[in-house]
Structures are given as structure tokens and as C-alpha cells.
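Order of the sequence lines fixes the chain letters, A, B, ..., with proteins taken first and strands second; residue numbering starts at 1 for each chain. Predicted model only: the values in this text are computed from it and were never measured.
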Number of protein chains: 2
Amino acid sequence: MTHTLGPRAAQKLQTRQSLLEAALRLTEEHSLGSVSLREVSRAAGIVPAGFYRHFPDVESLGVALVEQSLGGLRTALRAVRSDRTDSEEIARRSVQVLAREVRARRAHFRFIARERYGGMSRVREAIRDQLRLLGDELATDLLSDGATAATVLRRWDDADVRVLTSMIVDHMISTAAAIVDVPAGRPAVERRIINAASKQLRLIIVGARHWLDPT
Amino acid sequence: MTHTLGPRAAQKLQTRQSLLEAALRLTEEHSLGSVSLREVSRAAGIVPAGFYRHFPDVESLGVALVEQSLGGLRTALRAVRSDRTDSEEIARRSVQVLAREVRARRAHFRFIARERYGGMSRVREAIRDQLRLLGDELATDLLSDGATAATVLRRWDDADVRVLTSMIVDHMISTAAAIVDVPAGRPAVERRIINAASKQLRLIIVGARHWLDPT
DNA sequence: CCTTTCGGCGTACAAACGTTTACCGGACCC
DNA sequence: GGGTCCGGTAAACGTTTGTACGCCGAAAGG
């Protein structure tokens, strides 16, 4: 039901995408708040006034960027979890997929890490919303019928499950930020970070498994 | 051995402090990178040119701010851990102290959260160094003679201990960021965050305790 | 006491900024 | 085929920016 758009709308979308990519490129150096409207327009190859044909201000462009970035991660992670149910396996694969995603779209994740706490308020808000969604999806997956984690987690309070999943999501984003921060072309350092992240995630899982144990 | 300074140097220190506080106040709205030299000078009550008498640029001011902020947290946490040795107790008290510190110097922590990934490179670097120190101190405390955690952790690989402590430090900063993000005057929300953070920290501890368990 | 030091002031300037306004030309629609 | 829509352009505006220069007056120091 996607109406194929005429050359008109297609060209507009493409320019919009140029703006998004330009902003992404520029945020590798300073945060979005200090990227000027003129700067991003220039990098996208249009005149400053043209910017307003797509976004009312830079902040709105940021919100669009958030949705594009984290939306992609969400669908990627959903795919990972759909075919496997063992929690240890899910953990290991999740970190792998995260690392792959980060490598494939490094600038996107740098942007998210940058703006999560540092950005303008509407951008921060958009990120928080997307991360909440990520946590919700993780929770329903962990509680779903096939999941081995479900046998443990079903004995938990619902709120506690959310505490767990939000911790996992937080850890995921921290890991992404750490990977992004590693200087380009140092695979050894990156591997060390991924290794640590896997251990940390497994540690969370072990903790969850023994959460209700006596002593 | 602290030479009491004349009115000359005292006044200079005070102006410097005004600059730091002004920057702290301004970073509640935008990140340091988009705070202009003129803006912070104006807020501190001096003329733009006077700024150069204290810092060569805004970034250097940021580095000074990092040391003041995280230095304070480090000494506060050191005090907490020195008199108690039970890990569960340490965990609970650490979160309490963190919450107290955050409440007492909210702007400082907002600044750290903001700039940790979003800031200018030298500022990010300074934060990373301070957090590494925090992790190191935590590691030696946990391995020290009196600590109950030591009986478990001494069986670990050193690198794994560092993986654990860096995770705890990360979690601490995330918690601080979350507390800071809560709209002012909503103690219920803040309490919920602190509660969740305590549970998460305990979960980490439980995980660590059972780390080497079979299955 | 007389000189040096130095934190802060005032002025200046070129550059970059956000935003507005009028205009162009090709896709769009009837 | 003719009128309308609309993405992009060009020029102009008032502001704010970073940085440089010379000056002042009081503390510091011999």
C-alpha cells in the first residue's frame, strides 16, 4: 500500500536524508546543540533558508535522527530474539548483534550516546521514549512462553522485571557508547570491550537467576 | 604547609570560582560546547577579555569542572567504605551516599552526565580518567583485608574484578544521571529511581557471588 | 617608597549566526 | 495546456560570537 512517489516527493526525501546524514557527520565532532543550522545546510548542499522546507529547527532534525537510529536497533534486536529462547544464548547473541549494529552505523550510535543526556530536551525525550520501548519489548520477550527465562521471571513482581530489563537496556547503551569511543582501527581494544560487556551481561543474568535464593 | 594567600590571590580564586559556578549554571540548559565564552563571563560578572586571565578557553574550564565534581564524589565514597566491610551494607550505603551527593550538588552531576559522552574531547578524557580512578579505588577496597567480598573476589582473575568494578561505576553514573533528570520537586519519582538502583546494585552483587557456581 | 605585576575594563573588528523576504523554475493537477 | 504548488535560491537584516589591544588601579615586593 505504499504509493510510489513522484520525482517531486522522491527528491524531497533525498534532500531530507542528506540533511540527516550531514547532521550525523557533524555530530562526530560537536554535539548537535552546537551544530548550526547553516553548518548542516551547507554540508547537505543546500542554502540555509532551504532547511526550513524540511524542519522548523535543528532540534526537530535531532528527533527524526533518534527515531531513525533507535528504530533500526529495535528491529534488529527483535529479529535476534525471535528464533532463540535460551537466555545465555540470547545474551551472547545480543551483544554480538549490538556490536555488529554499532560497527555498521557507528555515527548513529555516537549520536545517541552523545545526546542521551547531553542533548536538547526534546531530543533527550525522544531517546528516553525509544529506550523505554526497547525495555518493554525485551520484557515481553523474556516472559513469553518459549523463553527459559520465563520460568524464573514469572515468579517476580512485574515492577522488578522492568527494573531488570531497564538495567539491561542501560548496559546495552553504555556498551555501545564505549565501543563508539574506541579510536578507529583498534580492534583489540574493541574486542576487550565486547568481551567485558558479555561478561557483565552474563553476570546480570546469573544475578537474576539467584535473585530469590536464600542468603 | 598551605601558605595563606594575600588578598590578591584570594580574589583571583574567587573570580575563578564564579566562572566555574556560572558555567555549571549555564550547562543546565545547553551542553558546555554550546556555552559561549561571553555567556559564561557575563554570568560570572566579568568582561569577556577577563576570562583569559583564568582559562585559555571554555574547554579548559570544563576540565577544571570535571576534577572539582568527581574529585568530591571520590572522597565522599572513600569515606563511606572505610568504616564498613559487609558488601550488602556497602552497596546500600553507596547508593544512599550517591543520592545525597547528587542532591547536594545536582548541577555538578548533571554536568558530568552531560559531558561524559557528549562533551568536547578533552573534557570527555578528563571524565574517563576520573571514573577509572573511581573504579580502581573500589577494586582495592573490595579486595582489602577486612572486606567480606574479598573471600569471593580473591578467587577471581584480576581483569574480571576490573570488569566488575567498572560495571558498578558505570551503574553509579547512570543512576546519577537518572536522578538528575527527574523534574525538580518530584520526590516520589526520585525515590523510585533510587529504589531501582539499589535493587540493580544488589543484583550485581548476587551475580558476582554466584559467578563461579556450577550451572 | 617606588617600581613591577596583574586582574579586570573598554573598545574594536571581522566572522558567523538565525530568520525573513521575494523570487525562480519544474513537477503537479485538472 | 495553463494555473498552482513547492523545493531550492539569493540577498539582506540585526545579533552574537572569539579574540586583540591598550589602559587603569591596587596589591606585591625590593
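- Under a cut-off of 6.0 angstrom, the local environment of CZ in B:R191 is sparse, with at most 12 non-hydrogen atoms contributed by other residues, nucleotides or ligands.
- If A:A49 and A:E39 are placed on DNA chain C by their nearest nucleotide, the residue sitting closer to the 5' end is A:E39.
- The CZ atom of B:F55 sits 13 Å away from the P atom of C:dG7 (whole-angstrom rounding).
- Residue A:R8 places no side-chain atom within donor-acceptor reach of the base of D:dG7, judged by atom type and a 3.5 Å distance cut-off alone.
- Atom NE2 of A:H54 and atom P of C:dG18 are 17 Å apart (whole Å).
- The shortest distance between the side-chain N/O atoms of A:S36 and the OP1/OP2 oxygens of C:dC17 is below 4.0 Å.
- Rounded to whole angstrom, the span from the CG atom of B:L26 across to the C1' atom of D:dT16 amounts to 15 Å.
- Both A:R53 and B:P48 lie near DNA chain D, and the one whose nearest nucleotide falls closer to the 5' end is A:R53.
- Using a 4.0 Å heavy-atom cutoff across all strands shown, B:G50 reaches no nucleic acid atom at all.
- Taking all atoms of both residues into account, the shortest heavy-atom contact from B:S31 to A:G118 is CB-O, 3.7 Å.
- In this structure, the OH atom of A:Y52 is 13 Å from the C1' atom of C:dT21, given to the nearest Å.
- The line from CZ of B:R128 to CZ of B:R124 is 7.0 Å long, rounded to the nearest 0.5 Å.
- Between A:H30 atom NE2 and D:dT17 atom C1' there is a gap of 14 Å when expressed in whole angstrom units.
- Rounded to whole angstrom, the span from the CD atom of A:Q11 across to the P atom of C:dG25 amounts to 18 Å.
- For the atom pair CZ (B:R74) and CG (B:L134), the distance works out to 6.5 Å, reported to the nearest 0.5 Å.
- Look at CZ on A:F51: it is 14 Å from C1' on D:dG8, rounded to the nearest Å.
- Within the 4.0 Å cut-off from OP1 or OP2 of C:dG7, not a single side-chain nitrogen or oxygen of B:T15 is found.
- Within the nucleic acid shown, A:R42 comes within 4.0 Å of sugar-phosphate atoms alone, with no base atom in reach, counting heavy atoms only.
- Two residues, A:I46 and A:R38, neighbour DNA chain D, and the one matched to the more 5' nucleotide by heavy-atom proximity is A:I46.
- Residue A:L13 contributes atom CG, which lies 15 Å from atom P of D:dC6 at whole-angstrom precision.
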